[in-house]
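As structure tokens, the structure follows; a few thoughts come after it.
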Amino acid sequence: MQVRAMIKLGTVAALTAISLAACGTSSKQSQNQTLTWMETSSLPTMDNSLATDVVSGETLNNTGEGLLKFGKNSSTHPGVAKSYSKSKDGKTYTFNLRKSKWSNGDQVTAKDFVYGWQRTVNPKTGSQYAYLYADVKNANAIMKGKKPVSTLGIKAVGKYKVVVTLTHAVSYFPTLVAQTAFFPQNKSVVEKYGKKYATNAKDNVYNGAFKLTYWTGTSDNWTLTKNPSYWNAKSVKLKHVKFSAVKDPQTALSQYQSGKLDAIYLSGQQPKNYKNSKDYHARNGSRVAYLELNQKKDSMLRNKKARQALSLIIDRKQFVNKVLDNGSKIANGIVTSGLAIRNGKDFASEASTASATEHNIAKAKKLWKKALKETGRSSYSLTLMADDTPEGKSTTEYVQSQWSKLPNFKVTNSNLPYKTRLARSAAGQFDAVVTLWGADFPDPITDLSLFTSDNSYNNGKWSNKQYDQLIKAATTTNANKPAARWQNLIDAQKILLNDQGIIPVYQAGKPQLMKSKVKGVVYFPVSSNWDFSKAYIAK
């Protein structure tokens, strides 16, 4: 999931949940059950077929609900589906739906899931998350325009039963259907609003614990209101969740201290100053920040020596300890530490390559000079793009200072609003860009699949046939062979890192201040997401 000021839908979900406080109700709850929450970026979209970022994912996760929901200890539990079963070969899942409603009173039925899934994989929709459906029968052929959407491996059996057919067994499939990209969609509503669908609060419909009641589509503020039509509305205590996009950390802190915000994210020197506060929380997540280089656009960036030089010149230790100082740590690769463990071994450590993240100024300068010569240049310049958030600006400023140590190299920074940066990244309108990605589920494939040659998130257009073959083997022939699949993924990441297809920088921390009166909020580290359905404000 792409994440900025945070790091992406994404994700798509998360699995190890951390309860911030007791989820039970309090006999002394405040009558004003309104939670005020800070975001560092505005809300880009409420179309779950198009959402790719954490801000959208967080809002969608609280206004919608899929077949299953995420719970504690990397587990899933019933959502719209009250129960499910799978065949012995693991290729067929049957979900039995509870009776539930959309916020407009319509029944949520099996057909809503069929329509939502078909709409997401339809190439005309342009979903960047459609690749998550790759293991559903015929999904790949549909995405390539070779088969009609009606052939997708999902069918409605009556009003309250959904049957899904996969091309092969997928051990983590239950965690996929809990992602926002797999949520149901109300066909009549989508068709009624057409191009306006999900571009503001009114032109949409919701089946989650909350409904979006204020959002213009461009506003920096948006409001969730308890959804009385939600099947478990009696357990929802909050009346409202009011979000504000506050890009300046000092402004956010002032609003927190004055009581205008109940929870804020910290940056700059703030984490250092508030580490001893009772309101301080050091959120750990599975988000990695990395640099993508536009290898399609520029021959210099297609040169391996140039990419290696750009990586070697960066002093990551200094950056995470002295500049960020917020709990972030040096990234071993694209897969974050703690995401996937097998036989007691962390994938991030097993699949790391020291040369991809080491700091060596002399070696970097030698490689850079060779790259200039090999590409017939005497000098080189590029623009480094990132979000206009405090973290985005800190990153571009630091990387610029490091890259400027390379001979005959000029770096210009461009910090853009999150939504604009996302669009330009997807369109390939950049030289180099700071990207943050949040894992959607606890498996290395959620990160590694991004860099296959045909993946829509491979914005830098790095391509390697052996890498593609390894990812394919891990998701097909070795899908049910844990040891072989694990090795496929280790080998794939090492190829990505040895070729410097991307430049890993840091695994992001997420320091936060939250008022002690806020109870029952659940945080999902894997996607840096939140669940407010059991939260309440205590006196």
Side-chain angles (χ1 to χ4, degrees), residues 2 8 52 128 131 288-314 331 333-335 353 355-358 363-386 395-396 399-400 402-404 406-414 416 421-437 447-472 491-505:
Q2 297 213 44
K8 303 172 128 145
T52 63
Q128 291 187 62
Y131 77 92
V288 65
Y290 59 97
L291 296 165
E292 290 185 274
L293 308 173
N294 196 330
Q295 299 180 41
K296 181 179 180 180
K297 181 179 179 181
D298 195 317
S299 62
M300 184 67 168
L301 300 180
R302 285 195 294 273
N303 186 286
K304 181 178 178 179
K305 293 184 180 68
R307 298 196 301 272
Q308 290 175 320
L310 292 172
S311 178
L312 285 165
I313 202 72
I314 300 172
I334 186 63
V335 179
T353 302
S355 61
T357 55
E358 71 174 307
K363 185 177 178 181
K365 288 182 177 180
K366 288 180 182 179
L367 287 169
W368 185 255
K369 289 177 181 178
K370 289 180 180 179
L372 287 172
K373 185 176 180 180
E374 289 178 6
T375 58
R377 291 176 167 86
S378 58
S379 63
Y380 184 68
S381 63
L382 62 68
T383 298
L384 175 60
M385 184 173 71
T395 304
T396 52
V399 172
Q400 181 187 48
Q402 299 289 285
W403 280 359
S404 295
L406 294 171
N408 302 314
F409 184 30
K410 181 181 179 181
V411 182
T412 302
N413 289 342
S414 176
L416 304 171
R421 203 273 310 144
L422 274 181
R424 292 192 182 181
S425 291
Q429 298 173 354
F430 67 93
D431 300 325
V433 60
V434 180
T435 298
L436 281 91
W437 180 265
D447 298 315
L448 294 172
S449 62
L450 302 178
F451 303 102
T452 55
S453 299
D454 59 351
N455 193 285
S456 60
Y457 281 112
N458 186 359
N459 297 321
K461 303 305 178 187
W462 174 79
S463 180
N464 183 288
K465 290 183 179 180
Q466 187 180 0
Y467 183 90
D468 292 346
Q469 291 169 355
L470 287 166
I471 297 300
K472 183 177 181 180
D491 293 343
Q493 173 158 292
K494 287 186 175 182
I495 288 174
L496 175 67
L497 297 179
N498 284 326
D499 197 52
Q500 211 72 69
I502 59 168
I503 299 176
V505 183

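Residues: numbered from 1 along the sequence shown.
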Measuring from [X]:[atom1] to [Y]:[atom2], what's the distance to the nearest 0.5 Å?
X	Y	atom1	atom2	result
Ile314	Thr395	CD1	OG1	10.0 Å
Ile495	Asn464	CD1	CG	5.5 Å
Asn408	Trp368	CG	CH2	9.5 Å
Asn294	Thr383	CG	OG1	12.0 Å
Asp454	Ser463	CG	OG	9.0 Å

Can you tell me which residue among Ile502, Leu310, Val434 is in a side chain to side chain contact (heavy atoms under 4.5 Å, CB included) with Leu291? Val434
Of Arg302, Lys370, Met300, which meets side chain to side chain contact (heavy atoms under 4.5 Å, CB included) against Thr375? Met300
Just by modelled atom types, is the [Y] backbone N or O under 3.5 Å from a matching donor or acceptor in the [X] side chain?
X	Y	answer
Ser311	Ala356	yes
Ser456	Gln128	yes
Gln500	Gln308	no

Would [X] and [Y] count as having a side-chain donor-acceptor pair, cut-off 3.5 Å?
X	Y	result
Ser453	Asp468	yes
Glu292	Thr435	yes
Asp447	Tyr290	no

Flag the pair [X] / [Y] as yes when at least one side-chain heavy-atom distance between them is below 4.5 Å, and no otherwise.
X	Y	answer
Met385	Asp431	no
Trp462	Leu293	no
Lys410	Ser379	no
Val505	Val399	no
Leu384	Val433	no
Asn459	Phe430	yes
Thr452	Asn458	no

Lys461 atom NZ: more than 12 heavy-atom contacts under 6.0 Å: yes
At their closest point, which heavy atom of [X] faces which heavy atom of [Y], and how far apart are they?
X	Y	answer
Asn303	Ala371	OD1-CB, 3.5 Å
Ile334	Leu448	CG2-CD2, 3.6 Å
Gln493	Gly333	NE2-CA, 4.0 Å
Ala331	Val288	CB-CG2, 3.7 Å
Ser355	Leu312	O-CD2, 4.1 Å
Leu372	Pro407	CD1-O, 4.0 Å

I'd like to know whether Tyr457 forms a side chain to side chain contact (heavy atoms under 4.5 Å, CB included) with Thr52, so could you lay out the CA-CA distance, the side-chain angles of the two residues, the decisive distance to 0.1 Å, and finally the verdict. CA-CA 10 Å; Tyr457 281 112; Thr52 63; 2.7 Å; yes
Identify which one of Lys465, Arg307, Lys494 satisfies the salt bridge (Lys or Arg N to Asp or Glu O under 4.0 Å) criterion when paired with Asp499. Arg307
Please verify the inter-ring angle class for Phe409 with Tyr380; under 30° counts as parallel, over 60° as perpendicular, anything in between as tilted. parallel
Take Leu497 and Thr357, measure what side chain to side chain contact (heavy atoms under 4.5 Å, CB included) needs, and give me the verdict at the end. CA-CA 9 Å; Leu497 297 179; Thr357 55; over 6 Å; no
